[in-house]
Amino acid sequence: MTDQATPENPNDLAKAYDPSAIEEKWAKYWVEEHLFDVPEGAPADGSKTFTMLLPPPNVTGFLHMGHMFEHAESDILTRWHRMRGERALWVPGTDHAGIATQMLVERQLAKEGRTSRVDLGREAFTARVWEWKQQYGGAITTQMRRLGATVDWSREYFTMDDNLSTAVIEAFVRLHEQGLVYRGAYIVNWDPVLQTAVSDLEVTHEDRVGKLYHLRYPLADGTGSIVIATTRPETLLGDTAVAVNPTDERYLALIGKQLALPLTDRTIPIVADDWAQPEFGTGAVKVTPAHDPNDFAIGQRHNLPSINMLSKTATVELPGSKYDGLDRYVAREQIVADLDALGLLVAVKEHPMSVGLSQRSSSVIEPRLSNQWFVAVNQAPASGGESIAAKAIAAVKTGAVKFTPEMYEKTYNEWMSNIHDWCVSRQLWWGHRIPAWHCANHHITVARTAPTTCATCGSTDLTQDPDVLDTWFSSGLLPFTVFGWPTVDGKPTPDMAAFYPTDLLVTGFDILFFWVARMIMLGTHFMLDVPNPDGTPRKLADAVPFREVYIHGLIRDANREKMSKTKGNVIDPIEIIEKFGTDAVRFTLASQASPGADIPLNEARTEGYRAFANKIWNAARFLFMNIDRAPNSGVWRKRLAYSATQTPAKTSSISFEVHPETPVESRWIVSRLSTVCADIDRALKVYRFDEAAAAAYQFFWGDFCDWYLELVKLRLNFDEGDNHPGLITLGIFIEVFGAALRLLSPFMPFITEELWQALNEKLDESAMSTIALTRYPQASDFPSDPAAERDMTLLQDLINTIRGLRKEMQVPEREAAPIRIFASDPAVANLASANADMLAKMARVASVEIAPATLHGNGARSTSSFDVQVLYERQIDVPAERERLTRDLAKYEKGLTAANKQLSNEAFTAKAPAHIIDGLRKQSAETQILYDKTKAALEALPPA
RNA sequence: GGGCUGUUAGCUCAGUUGGUUAGAGCGCCUGCCUUACAAGCAGGAUGUCGGGGGUUCGAGUCCCUCACGGCCCACCA
């Protein structure tokens with residue numbers, strides 16, 4: 001704790017809150033004390049569990065604002081559930097991130113001027129990647145520790161850990177056994193820079209203006225020609241047909257004829273296929289089965305050969321051809337020029353098109369025919385049952401998995417219903433190697449461990465498939481592999497029994513298909529085979545990887561722009577944290593977080609929440625100062641003892657004592673506390689972090705500091721012995737403050753921990769422990785007191801009215817002035833006289849005079865229940881007062897007219913619900929009073 | 001081509017199933033160093049709820065339409 005005690009400030013907190021002085025200490029404490037580690041298996045005491053999997057960041061990654069946002073939301077929920085007495089488990093880990101990591105190490109090699117990965121060899125290269133991983137990997141998890149994320153570090157995993165790798169192999173082999181994995185030559189998205197296939201999802205599309213070339217292909221018999229249209233003329237070298245639509249009358253006569261393919265010595269047929277659209281281009285399309293997915297399909301339909309004419313690096317690969325070895329774009333220009341020279345270039349038109357780019361390398365994807373491994377997602381397993389996609393669709397349709405916001409269910413269904421087989425092989429070295437072995441006779445043996453002989457021909461000449469699996473294949477298994485799948489005996493492990501299905505997944509929509517959908521597919525597929533803990537067969541509803549998915553928005557900059565390095569508008573979380581403190585940043589994020597909503601980050605807002613932290617800090621200073629002043633009495637110590645023993649497990653038999661003679665502000669604040677507890681719980685249940693944060697903020701600043709803390713200054717007198725009401729008030733003050741800290745703790749863990757422990761220390765509580773393991777305040781813990789709330793509201797009205805009047809009359813800030821209250825209701829008058837000290841403190845009232853009637857005009861301010869005058873020599877500013885009254889009058893008149901018009905509408909009174917009509921009547925009556933009063937006051941003003 | 005989504009105060013956003021006079025933070029104006037806090041206190045101003053039409057006793061909220069944004073999916077040579 002910082003120690004800047006001064007005679008003026010007889011407490012030991014610094015005058016302003018300095019996050020940097022305390023955050024590291026607590027971050028370290030939370031980790032080192034293993035406070036959030038969760039033991040294996042179900043809790044012995046039968047308490048509920050709450051389980052989440054951290055979306056594993058790439059091992060190469062650094063923390064950005066998006067992580068911090070996601071982690072803040074997740075941590076708020078985890079802390080909240082934990083404080084509610086649940087066994088909260090948040091499992092962290094990192095992903096080996098095949099492509100990203102391999103790229104990074106390759107780049108490093110290049111920078112060192114060392115040999116390429118190919119020269120290094122596979123074994124040495126992967127060793128090098130592991131080395132890199134040990135040394136630099138997992139920067140994010142280090143940063144997470146500093147930010148106080150309450151994950152269970154004892155369970156931290158890496159997707160290439162031995163047990164997880166074994167599970168990946170098991171999953172692949174089982175899919176193969178079920179006939180759901182196959183290998184074949186298909187058109188895939190080829191990244192010529194990374195030299196690997198990538199899945200459809202890893203291709204992003206960009207609109208560009210390209211060129212559409214019209215090329216003439218002469219008939220082989222010399223009787224004519226046909227003009228085709230293409231955007232990629234270089235692929236002409238791989239053409240094996242030209243297709244026209246069977247209904248296209250222009251070409252009917254040509255169907256079946258042979259064309260002399262220009263620049264080659266090959267002839268190719270003209271085929272009829274529906275794919276060719278008469279309206280597009282010339283209506284005739286060249287068919288290149290090896291380099292276009294549609295052409296591949298046409299090739300299949302018409303039994304056309306495929307000519308693979310592009311290499312792995314997208315250069316022309318046609319030995320003997322003059323174009324052999326040319327880059328695809330160089331070849332394009334060359335070929336167009338050559339065709340032009342031959343008079344076969346008919347036209348070149350600008351053509352808007354969408355170009356497929358590799359998400360990782362940004363290179364233009366080249367569709368390429370190659371041998372790849374696929375997961376058959378639409379096929380029923382050999383052993384029976386439904387396809388992977390069917391189960392994944394059912395999981396969401398039946399509500400076993402729920403999305404927030406709900407609209408993502410639609411997106412998910414749409415995608416899942418049109419899903420293609422999943423290309424899972426990658427031509428990389430870093431990742432889980434595919435457990436398949438090829439023999440010299442081109443047979444493939446898929447096995448859990450390296451086989452000695454080929455399963456088909458018995459050959460012993462075996463080499464393992466060089467490819468590795470898509471990173472998302474392994475991460476898609478995580479919800480059950482982290483809990484011990486596959487199990488030796490087929491029964492669930494204790495962890496699986498306790499924590500699967502997990503309760504919630506917090507993630508962004510950017511990995512909805514990549515990861516969320518894959519987890520649902522693989523979870524429902526594999527876990528359906530694992531029986532329930534009691535031995536009964538598992539149902540789909542309990543095979544799902546998580547019961548709920550909460551999808552958050554994107555972090556944007558202050559102008560709602562997406563953050564990107566090229567735009568240079570990236571906000572570094574560490575920087576902003578150093579500037580404002582972790583709690584302030586967390587609160588900023590929470591205060592704007594509602595399902596699906598993007599977060600525009602602007603510093604002004606964070607500045608405001610830094611001020612909020614400072615406010616909390618200073619409220620503590622004030623409390624501590626009073627504790628120091630107070631005699632060492634059991635009265636308030638009992639209060640704190642009560643507070644400190646509030647463990648999450650204690651869920652009942654709690655009663656907070658408030659005596660009827662306790663001053664109104666204390667009864668009021670306790671009642672408000674009850675309400676705000678309910679509000680926060682309600683909001684967090686539906687992921688309205690913004691509403692929860694606003695409720696906590698408003699309560700602490702608006703109610704607790706602005707009103708309670710000021711009023712309590714009237715009560716905290718300790719010079720009359722042990723049972724003085726001041727001590728009772730101090731006890732309530734301590735308890736409400738403690739509860740407020742606990743309420744805020746999930747949102748602002750650092751400052752609340754610091755102050756909670758400081759408070760405990762101050763009260764010599766020996767059983768000190770982290771605030772994170774105390775009970776989350778519940779509405780039922782505190783008595784609701786409608787009478788106190790009503791009285792307090794009236795007093796606040798009175799004080800606000802007097803303040804406004806004083807301001808208008810320009811009564812000097814420090815000068816007290818007498819007031820006169822006119823109220824027809826004696827209860828109002830009584831309340832005012834009984835709380836004259838409150839009025840004096842809050843509105844500088846010198847004395848209160850009561851007049852039993854109402855007053856119209858004469859410099860009074862009015863509400864519907866009272867009029868009040870400030871008795872001061874200075875006259876009110878007549879023109880200003882007239883202006884204000886005129887404005888009010890117009891407002892009331894408008895409201896009155898509208899209300900009365902509606903009330904006299906028979907259709908309204910006949911159809912509207914009673915409470916609406918009553919409400920409107922009441923409002924109309926009140927407005928009428930205000931109108932009359934205002935009108936009278938206006939008339940009473942001296943003439944202009 | 002298909003789908004989703006947004007437009008509310010100068011700025012960034014709330015506004016639950018349609019219901020009483022639309023809110024918050026920041027910013028702005030005025031006055032205060034009032035012993036927890038100037039990262040503070042008190043008071044104040046600010047809205048044709050994107051345009052138009054419809055349903056309804058009643059619309060920021062539901063429907064249609066237009067305008068301008070944003071996002072996702074897709075095998076348009």
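These numbers come from a predicted model, not from an experiment. To find a chain, count down the sequence lines: A is the first, B the second, and so on, and within it residues start at 1. Hydrogens, waters and symmetry mates are skipped; everything else that's a heavy atom, side chains included, is used.
Using a 4.0 Å heavy-atom distance criterion, N602(A) is classed as making no nucleic acid contact. Contacts of L554(A) with the nucleic acid, taken as non-hydrogen atoms under 4.0 Å apart, are absent. Among the heavy atoms of the strands, none lies under 4.0 Å from P367(A). At a threshold of 4.0 angstrom between heavy atoms, the contacts of R814(A) are confined to the sugar-phosphate backbone, with no base atom among them. Residue-level contact check: A243(A) touches neither bases nor backbone, having no heavy atom under 4.0 Å from any strand. Residue contacts for A694(A): at a heavy-atom cut-off of 4.0 Å it reaches no nucleic acid atom on any strand shown. Looking at heavy-atom distances under 4.0 Å, G553(A) makes no contact with the nucleic acid at all. In this structure, P600(A) reaches the sugar-phosphate backbone alone: every heavy-atom distance under 4.0 Å involves primed, P, OP1 or OP2 atoms, never a base. Y17(A) comes within 4.0 angstrom of a base, heavy atoms only. Among the atoms of the strands shown, none is found under 4.0 Å from any heavy atom of E607(A). Nucleic acid contact class of D706(A) (heavy atoms, under 4.0 Å, all strands): sugar-phosphate only. No engagement by Q698(A) is indicated, since no non-hydrogen atom pair under 4.0 Å with the nucleic acid exists.
The separation of rC37(B) from rU21(B), taken at their C1' atoms, amounts to 35 Å, rounded to a whole angstrom. rC29(B) and rU56(B) have their P atoms separated by 49 Å, with the value rounded to a whole Å. The gap from the P atom of rG54(B) to that of rG43(B) amounts to 45 Å, rounded to the nearest Å.
With hydrogens and angles left out, the side-chain atoms of S354(A) and D207(A) include no donor and acceptor closer than 3.5 Å. A side-chain donor-acceptor contact under 3.5 Å links S199(A) and E202(A).
Dense packing is recorded around CD of E815(A), with more than 12 heavy atoms of other residues, nucleotides or ligands lying under 6.0 Å away.
Two residues are said to be in side-chain contact when any heavy atoms from C-beta on lie closer than 4.5 Å; V203(A) and L357(A) fail this criterion. Residues Q698(A) and D703(A) meet the side-chain proximity criterion, which asks for heavy atoms closer than 4.5 Å. Looking only at side-chain heavy atoms (C-beta outward), Y872(A) and R806(A) stay at 4.5 Å or farther from each other. Side-chain contact between D628(A) and K762(A) is present, with at least one heavy-atom pair separated by less than 4.5 Å.
For K579(A), no side-chain nitrogen or oxygen approaches OP1 or OP2 of rA39(B) to under 4.0 Å. In this model, the phosphate group of rC4(B) is not approached by any side-chain N or O of W415(A) to a distance below 4.0 Å at OP1 or OP2. When the side-chain nitrogen and oxygen atoms of K713(A) are compared with OP1 and OP2 of rU34(B), none of them lie within a distance under 4.0 Å. Checking the phosphate oxygens (OP1, OP2) of rC26(B), no side-chain nitrogen or oxygen of R605(A) falls inside 4.0 Å. Residue H351(A) has a polar side-chain atom (N or O) positioned under 4.0 Å from OP1 or OP2 of rA77(B). OP1 or OP2 of rG15(B) sits under 4.0 Å from a side-chain N or O of R688(A).
Remark on RNA chain B: of its neighbouring residues E710(A) and N800(A), the 5'-side contact belongs to E710(A), judged by nearest-heavy-atom nucleotide. The nearest heavy atom of RNA chain B to L930(A) and to T282(A) marks one nucleotide each, and the one closer to the 5' end goes with L930(A).
Stem regions for RNA chain B, each three or more consecutive Watson-Crick or G-U pairs with both distances under 3.5 Å and listed by first number, read B:1-7 with B:67-73, B:10-13 with B:23-26, B:28-32 with B:40-44, B:50-54 with B:62-66.
K286(A) has no carboxylate O lying under 4.0 Å from a charged side-chain N of D295(A), or vice versa, which leaves the two without a salt bridge. Classification of R688(A) and D679(A) as a salt-bridged pair fails, no side-chain N sitting under 4.0 Å from a carboxylate O.
Evaluation of atom-type donor-acceptor distances gives a pair under 3.5 Å for the side chain of T927(A) against the base of rU21(B). Between the side chain of K410(A) and the base of rC4(B), no donor-acceptor pair under 3.5 Å is found. Between the base of rA24(B) and the side chain of Q592(A) there is no donor-acceptor pair shorter than 3.5 Å.
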